[in-house]
Amino acid sequence: MLIDVMFSALLIAADIPDTTGDNTDIMATSGAPPKPKSIWLVDGPPPHPADNAPNEHRHALGEKLFFDPKLSGNGEVACASCHAPDQGWADSRAFSTGVPGTPLGRATPTVVNSGYSLIQMWDGRFASLEEQALGPLAAADEMNAVPAQVIAYLVDSDDYQNMFGKAYPGEGITLQTLAKALAAYQRTIIVIDTPFDRWQRGDENAVSTSAKRGFEVFKDPNRGNCAACHQAPHFTDHGFHNIGVPELRNTGRDAGRHKVIPIAVLKGAFKTPGLRNISSTAPYFHNSYAKTLEEVVEHYIGGGRNVPNLSPSMKPLQLSHQEKADLVAFMKSLDQIPAQEEPSNE
Amino acid sequence: MNRVTIATLLTVAPFAFAQAAEHKVTQKDRKFDKQHIEIKVGDTVHFENQDDFFHNVYSLSDSNFFDLKSYPKGESRANTFNKPGVVNVECAIHPDMKMVVEVKE
C-alpha cells in the first residue's frame, strides 16, 4: 500500500546516515574530493509538536481517520476523497465538491510534505497541521461534520476506542486527539527522495541533462528566477504572493491571504506551494488556472496577468523554447514516483 | 497661558528631539537580524532589505500599527514608534519573519 511505503520511507528517512547533515560535507565515494552538501536536500522527517511525536499507533489511527467517510456530515466524504493518494494526495479537479455537492472556492492543495510547511492552507489561516485538521472537517461546504456527532461515532466504535487508547493513552477521544492523529498521519506523507534529490546527493545519472539545465534556469535570477520564491530546501519560501492568476468564475476576486492578514501587499496573495511531487498534482494554482506544467511556465513567461496588486517580483521572462522545456523536465524530476507508474490504492 | 505653553515647548522640544534615536534592523536570509529590540517612544527603526527578493514590514499592534509596503534589495523603510508598548513586527510576505520592538517611555 502506498501509505505503508510512505511511512516506511519516513522511518528510513529518520535513520538516514548523516550524508545530508548540517554543516557537513559529503565524502564522495571512490576518492573524489568532498562535495558541499546541497542546500536543496531535506534532512529527515517533518518536525512535530512535543505532545505529538510520531509512532505506529498514531500513524495507524490517523490513517484510519483520514480514509473514514463516516466522519463527515453525510457519511460519504473522507479527507481522502479530496486528498487522494493516487492523485498526488490532491485531486485532479479544478475545484473539489464537499458534502453539499457545490464546488469549493479553491483548488485542493496536496498534503504531500505539508508536515514541513510552516503555515497551512492557501491563505495560511492555520498555523499547524493540528489546527488545520479540524477546519475541513467542520466546514459546511467540505465535510460538514457536527463535532459532537463525530465524537459520539468514535466513542461508539470498539476499534476507535482501542486505537485512541494506544495512540494517546489517558487523553481520551476528543477533537484534540482526533486532530493530533490526523496531523501525525499527514507528517508521514512525504516526498524527499526524488530523482532530483538523488542527483543532489551525487548521482549524476538520476536526472536528465534537460532537467539539469532546467534547474539552472530555475535558479538564475536573470532567467527563471523561480527560486526567489520557491526556495531551498522545500521549494517554497512559506510566503504569500499575488502572482497574477486571473479569476475564472464570476464570484469576485479572491482576497487570499488578505482575508487573514489585512495588509495591502497580501491582496490576492496565496501561499507558495512546494514543488516536490508537482507533476502529480495538476491542475495548478489556487484556482486551477493552469492545467499543465507547460501552462504554468507560460504564465510566468508573461509575468502574470495584469491583476490588481500584482507582486513586483512578477516580470515577463525571456526564455527560449529549450529553456521552457528544460524547466518542465526539471519539475518532473521532483516526483518520487515515476510518472508512468500508477500507485496502488489497495 | 499661551506664552507659558510656547516657552515650555521651546524648552522641552529640543531636548525631546535630541533623545529620539535611530535604529537599524536588517532583513537577510528571510530573517530579521534581531529578534527583539528595546527602544524609546519617538525612536525610529529602519528596516533594510538585504535579500534578493522583496520584503514587507508591518504590525497590527493597536499602539503602533504600520505597513511599510513591499520593497526590494538595497532599500530601507522606516517607522517611528510614537506610543509605548510591545509591538509584534512581521513581514507579511514571509510570515515566519517575526521580531518584537519593545517601546518604552
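Letters go in sequence order (proteins before strands), and every chain restarts at 1. Note that the structure is predicted; figures quoted are calculated from it, not measured.
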**Student:** Taking 4.5 Å as the heavy-atom cut-off, does anything in residues 38-60 of chain B contact chain A, and if so which residues?
**Tutor:**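 Near chain A, by residue number: F53(B), F54(B), N56(B), Y58(B), L60(B).
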**Student:** Would you say NZ of K315(A) has more than 12 non-hydrogen atoms from neighbouring residues, nucleotides or ligands within 6.0 angstrom?
**Tutor:**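 Check fails, neighbour count at 12 or below.
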**Student:** Would you call D237(A) and R30(B) a salt bridge, using N to O less than 4.0 angstrom?
**Tutor:**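 So D237(A) does not pair with R30(B) through a salt bridge.
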**Student:** Measuring heavy-atom distances to chain B, does H241(A) have an atom under 4.5 Å in its side chain, in its backbone, in both, or in neither?
**Tutor:**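 The answer is the side chain of H241(A).
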**Student:** Inspect the contact between D43(A) and K37(A) and indicate whether a charged nitrogen and a carboxylate oxygen are less than 4.0 angstrom apart.
**Tutor:**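 Result for this pair is yes, salt bridge flagged.
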**Student:** Report the distance from atom CG of D51(A) to atom NZ of K180(A), rounding to the nearest 0.5 Å.
**Tutor:**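 Atom-to-atom, D51(A):CG and K180(A):NZ are 4.0 Å apart.
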**Student:** Scan side-chain atoms only and decide if R276(A) and Y116(A) contain a donor-acceptor pair under the 3.5 Å cut-off.
**Tutor:**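 Absent: no donor and acceptor within the cut-off.
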**Student:** Apply salt bridge (charged side-chain N to carboxylate O under 4.0 Å, His left out) to D67(B) and list each qualifying residue two or more places apart in sequence or on a separate chain.
**Tutor:**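 Checked D67(B) against salt bridge (charged side-chain N to carboxylate O under 4.0 Å, His left out); matches are K69(B).
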**Student:** Look up atom CZ in F32(B) and atom CE in M99(B), then write down how far apart they are to the nearest 0.5 Å.
**Tutor:**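 Reported value, rounded in 0.5 Å steps: 6.5 Å.
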**Student:** Please state whether the side chain, the backbone, both or neither of A264(A) comes within less than 4.5 Å of a heavy atom of chain B.
**Tutor:**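 Backbone plus side chain of A264(A), per the 4.5 Å heavy-atom cut-off to chain B.
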